[in-house]
Amino acid sequence: MTEELQVLSVIGAVDHAGKDGPWHPLRPDDRVGAGDQIQTGLGASARLAAGAHGRLTVSELTQLRVRELTGEVHGYRLARGHVTVDYQPEGDRRIRIEEAGGEAVAETRAGLFHVTADGLAFAVASQTGSVSLTAAGGAVTVGAGEQSIAQPGRSPTAPRPIPRAVLLKVAEASRLAPAGRCLDTTGLAEPDSLVTVGGAPASVDRDGRFPIRVARGVAGGVEVRVLAPDGRVATRTVACRAEADAAIKDFRVRWKNAGP
């Protein structure tokens, strides 16, 4: 039997497209079916109900397609962004999240867990329950309080405890920024994090480094925002005269709401 998701709440700019239809704003009480897509803007999110026993939270800057909604499988394809999955057991139903190319797949029958993807990494962080993560012929079981990352062409890393703090560091700024910029430096986050600089997605390499560039005339600098695999967020404002990481200021960490 084919099922549908019900939209519980929407914050900010969230758009929805059917199998063949155009994009339009997603509204509370809308229905989302198999083949439909959801995309969220900066600072936007949507919470959806999968019947009485499942909840799906789509975070900001996320592109998600609903692949399958049946009594056997609830399947989703995460092209980019972050989702929080909170499902209780219901018969033999499985919950499956796969990356855009289908190489990496997270699957479980129940639990509260998070999945992030950015094309360079596909990460799973579990709060309750166990999640199977498979990629490139390898497989691991991510238990409660653990996370693992799968990078293109590589098997998932061995599960490790979720870090106590969200990593966000800024290197000492170059004194000779290129023409048109007042700051040219590098940030450091966990490789499986999603990062935005001044509201635009930043490319995070396999070592967790990402560029921070501030154009001349930007008052107050730019906000660097790191979304960890488990849904926590760290932010820091980086001004033109940025100091080295030893003097981090304006550092905040918070949990995203993943409640029922």
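The structure displayed is predicted, hence computed values, not measured ones.
The CZ atom of Arg232 sits 9.5 Å away from atom CZ of Arg164, with the distance rounded to the nearest 0.5 Å. A distance of 10.5 Å separates CG in Asp30 from CD in Glu4, rounded to the nearest 0.5 Å. Interatomic distance, NE2 of His82 versus OG1 of Thr116, reported as 6.5 Å (0.5 Å rounding). Separation of atoms CD1 (Ile95) and CD (Glu68) is listed at 12.0 Å; rounding is to 0.5 Å. Put simply, CG on Asp86 and OG1 on Thr57 are 8.0 Å apart, with the number rounded to the nearest 0.5 Å. If you take CZ on Arg93 and CD on Gln88, they are separated by 9.5 Å, rounding to the nearest 0.5 Å.
With a 4.5 Å cut-off on side-chain heavy atoms, Val224 and Leu168 count as touching. Inter-residue side-chain proximity for Val204 and Arg209 is flagged as unmet; no heavy-atom pair is nearer than 4.5 Å. When side chains are defined from C-beta on, Arg160 counts as touching Gln147, because their heavy atoms get closer than 4.5 Å. Side-chain contact between Thr186 and Ile212 is absent, with no heavy-atom pair separated by less than 4.5 Å. At a threshold of 4.5 Å between non-hydrogen side-chain atoms, the residues Val226 and Leu194 do not count as touching. His74 places none of its side-chain heavy atoms less than 4.5 Å from the side chain of Arg94. In this structure the side chain of Leu56 never reaches within 4.5 angstrom of the side chain of Arg47, judged on heavy atoms. No side-chain heavy atom of Thr40 sits less than 4.5 Å from a side-chain heavy atom of Gln63.
Using modelled atom types, one side-chain atom of Thr128 and one backbone atom of Leu112 make a donor-acceptor pair closer than 3.5 Å. Side chain of Ser148 to backbone of Thr157: a donor-acceptor contact under 3.5 angstrom is found. No donor-acceptor pair closer than 3.5 Å links the side chain of Ser126 to the backbone N or O of Glu146. At distances below 3.5 Å, at least one donor-acceptor pair connects side-chain atoms of Thr62 with backbone N or O atoms of Glu60. Ser193 places no side-chain N or O within donor-acceptor distance of the main-chain N or O of Val195, the cut-off being under 3.5 Å. For Arg65 (side chain) and Gly35 (main-chain N/O), a donor-acceptor pair under 3.5 Å exists by modelled atom type. With Asp205 contributing its side chain and Asp207 its backbone, the two residues share a donor-acceptor pair below 3.5 Å. A distance-only check finds a donor-acceptor pair linking the side chain of Arg109 to the backbone of Asp92 [under 3.5 Å].
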- Task: Evaluate the criterion side chain to side chain contact (heavy atoms under 4.5 Å, CB included) for residue pair Val66 and Leu5; output intermediate values, then yes/no.
- Result: CA-CA 9 Å; Val66 181; Leu5 305 176; 4.2 Å; yes
- Stepwise, does the side chain to side chain contact (heavy atoms under 4.5 Å, CB included) test hold for Leu133 with Val105? CA-CA 6 Å; Leu133 175 58; Val105 178; over 6 Å; no
- Take Arg206 and Gln151, measure what side chain to side chain contact (heavy atoms under 4.5 Å, CB included) needs, and give me the verdict at the end. CA-CA 8 Å; Arg206 289 185 172 182; Gln151 295 175 316; 3.6 Å; yes
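Side-chain contact of His16 with Asp36: a donor-acceptor pair under 3.5 Å is present, judged by distance alone. For the 3.5 Å distance criterion, the side chains of Tyr87 and His53 fail to qualify, holding no donor opposite an acceptor.
Cluster annotation: Phe122 and Ile149 are assigned to distinct hydrophobic clusters (Ile/Leu/Val/Met/Phe/Trp/Tyr, side-chain heavy-atom contacts under 4.5 Å, transitive). Hydrophobic cluster membership is shared by Leu64 and Val32, with clusters built from Ile, Leu, Val, Met, Phe, Trp and Tyr side chains linked at under 4.5 angstrom. No continuous path of ILVMFWY side-chain contacts below 4.5 Å connects Ile38 to Leu61, so the two sit in separate hydrophobic clusters. Both Tyr76 and Val83 belong to a common hydrophobic cluster when Ile, Leu, Val, Met, Phe, Trp and Tyr are linked at side-chain heavy-atom distances under 4.5 angstrom. Clustering ILVMFWY residues whenever any of their side-chain heavy atoms sit less than 4.5 angstrom apart, transitively, puts Val14 in the very cluster that holds Leu78.
Of all non-hydrogen atoms in Pro201 and Arg80, the two that sit nearest each other are CB-NH2, 3.1 Å. Nearest heavy-atom pair across Pro163 and Glu190 is CG-OE2, 4.1 Å. The shortest non-hydrogen separation linking Ile162 to Ala125 is CD1-CB, 4.1 Å. Minimum interatomic distance between Ala234 and Val166 (heavy atoms only, all atoms of both residues): CB-CG1, 3.6 Å. When all heavy atoms of Ala46 and Leu26 are compared, the closest pair comes out as CB-CD2, 4.1 Å. Shown here for Ala79 and Ala100, the closest heavy-atom pair between the two residues is CA-CB, 4.0 Å.
Residue His114 is tested with Val131, Thr84, Val124, Ile97 for a side-chain contact (heavy atoms from CB on, under 4.5 Å); the sole match is Thr84.
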